[in-house]
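Convention: sequence-line order gives letters A, B, ...; per-chain numbering from 1.
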Amino acid sequence: MSLYSEKVMDHFRNPRNVGVIENPDGVGEVGNAKCGDIMKMYIKVENGILVDVKFETFGCGSAIASSSMATEMIKGKPLSEALALTNKAVTEALGGLPAYKLHCSVLAEQAVQAAILDYYKKNNIPYDPADFKNALEEHGHGDGDGE
Amino acid sequence: MKVYADNAATTKVRPEALDAYVKTSQTLFGNPSSLHSEGQRAKELLEDCRARVAAVLGADPREIYFTSGGSEADNQAILSAAKSGALKGKKKIVSTAIEHHAVLHTLEKLKKEGFEVVLLPVDGSGIVKVADAEAAIDENCCLVSVMTANNEIGTIQPVEEIGALCRAKKVPFHTDAVQAVGHLPVDVNKFGCDYLALSGHKFEGPRGVGALYCRRGAPLFNLVEGGAQERGKRAGTEDLPAIAAMTVALELAVKNLPETAKTVQTLRDFVIDGLSSIPHCALNGDRERRLAGNVSFCFEGVEGEALLLYLDDLGVCASSGSACTSGSLDPSHVLLAIGRVHDVAHGSLRLTFNENNTMEEMKYLVEAVKTVVSKVRSFSPVWRDLQTGKRQYIL
Ligand SMILES: Cc1ncc(COP(=O)(O)O)c(C=O)c1O
């Protein structure tokens, strides 16, 4: 099927880091109220490093591939770097997404931020709300949406 | 194994139709409007096809207009009745919530032009209530449009009853029979319809060709202006090879209809029974009053596009009414109309069969769907929440 790039299909067929982390340090669940997709991200943090990341996704091929790619891009990275992950970077790493599927990559960015925010809150770590703009927003349509 | 289970979307052209296509384009290539003998031979075949299509529908050949397909036929019928109605000050149209977009979008356009459009609801199994139609039809109506059978969930509508109602109330009746022709007995007099749309590619004919039945005396306006083809109602040189191929396909479909329907229904029932064992799923549409080749399910905790892509990897071609496959973010209006909530409509799967499918394929298909549903559920946060009791099962 040529709806998606080969990279998307690879991550869809063989999602990386799929599943749950028992006793995670942070969990983020975000959804697109309109299309109904839901993404859940689990993280394990040691010394400010994301030592483990796992995800579960209820959504289409691009939503699954976006979550998979996002976990791959942040695993083993410092939190600050993970926080800087953008939907644009995820989309580019996937070799592009159809315009009407861009909101799926936004969901991945939001899920990462939501998980880190959860970690900060649980551990009473002070944070700059500006870093979590997207995660704190109502989980509606991301601005990466092509419609 | 390869399983093509998307015959409601389109079918593979049957060899006899392809032969007719090739033969016509090579040996009867004249323009039916030309005076010379090549043209007149083509004209003869064109009129022969018209008579044969008419015979299948119980119509008069003068009531058959060849079109570019089902969408055009639906558009022309509805816009004609509306235009004629408006001239008499009647600007109300009654239709249903589950029509194909060829009908619904045409009605939306008319709504913007000031028509009142009433879309009848359907019950949980996807069937329109005749009493609702009766209550909605009044003297301001210029058209009632109810599809013969639904393309997504396969339900067969009470068109004969609604047709009789329209006769009694003297309101023109249109039926989109695109999914029905070649699969169910269709007779314009039994249906009591004034307009009926059909499309070649749903019964193993070519795509891009269809027909509009328009009862004598019912208003018909052009969508395409130009030459005098199709009794002046549809300009453009006729696609005779396609018309000939469609006619052959239609005749063959109808000739073997009872046997084919029985065989296909056996496949359908096997798949419905097989998939019903998947936990937390539901069949969409009526169990009995449905097209012989239609299976439609919703699986809870599953998203349809992912389902389709994984099935495709296993060689199965299917379709879904999921929001993610629509390109519009909204799940299918048909699934919403039968009361499926967004989350559940998300996990829909449509499998549509015809005579080319085999029982061996069905056995493979059922296992493939079971495997893929389990796979998608294995990493679905919605499924996890359902299983842990954080969310309540709907199905
Ligand atoms: C119920 C129904 N009406 C109309 C159409 C449109 O037919 P066509 O593709 O020939 O324009 C289709 C098929 O796509 C259909 O299923």
For this session: Measure distances from Ile64(A) to the heavy atoms of chain B and classify the residue's part below 4.5 Å as side chain, backbone, both or neither.
Result: side chain

Problem set entry | Heavy-atom neighbours of Lys12(B) NZ exceed 12 at 6.0 Å | no

For this session: Check whether more than 12 heavy atoms from other residues, nucleotides or ligands sit under 6.0 Å from atom CG of Asp273(B), and answer yes or no.
Result: yes

For this session: Keeping the roles fixed (side chain from Tyr310(B), backbone from Arg13(A)), state whether a donor-acceptor pair exists under 3.5 Å.
Result: no

For this session: Tell me the residues of residues 384-395 of chain B whose non-hydrogen atoms fall below 4.5 Å from those of chain A, in number order.
Result: Arg384(B), Asp385(B), Lys390(B), Arg391(B)

Problem set entry | Heavy-atom closest contact (Glu303(B) atom, Cys60(A) atom, distance) | OE1-CA, 3.0 Å

For this session: Output all residues satisfying side chain to side chain donor-acceptor pair (under 3.5 Å) with Glu72(A), sequence neighbours left out; order by chain, then residue number.
Result: Arg16(A)

Distance-only donor-acceptor hits, side chain of residues 372-382 of chain B, under 3.5 Å, sequence neighbours excluded:
residue: Ser374(B); atom: OG; partner: Lys370(B); partner atom: O; Å: 3.0
residue: Arg377(B); atom: NE; partner: Glu300(B); partner atom: O; Å: 2.9
residue: Arg377(B); atom: NH1; partner: Pro279(B); partner atom: O; Å: 3.0
residue: Arg377(B); atom: NH2; partner: Pro279(B); partner atom: O; Å: 3.0
residue: Arg377(B); atom: NH2; partner: His280(B); partner atom: O; Å: 3.2
residue: Arg377(B); atom: NH2; partner: Glu300(B); partner atom: O; Å: 3.0
residue: Ser378(B); atom: OG; partner: Lys375(B); partner atom: O; Å: 2.6
residue: Ser380(B); atom: OG; partner: Gly301(B); partner atom: O; Å: 2.8
residue: Ser380(B); atom: OG; partner: Val382(B); partner atom: N; Å: 3.3
residue: Ser380(B); atom: OG; partner: Trp383(B); partner atom: N; Å: 3.0

Problem set entry | CD-OG distance between Glu305(B) and Ser62(A), expressed to the nearest 0.5 angstrom | 6.0 Å

Problem set entry | Closest heavy-atom pair and its distance - Ala306(B), Gly59(A) | CB-O, 3.5 Å

For this session: Evaluate whether atom CD of Glu360(B) has more than 12 neighbouring non-hydrogen atoms of other residues, nucleotides or ligands under 6.0 angstrom away.
Result: no

Problem set entry | Qualifying side-chain hydrogen bond (donor to acceptor under 3.5 Å, both in side chains) pairs, either residue in residues 88-98 of chain A, two or more places apart | Thr91(A)-Ser105(A)

Exercise. Do Asp37(A) and His346(B) come within less than 4.5 Å of each other through their side chains, counting heavy atoms only?
Worked result: yes

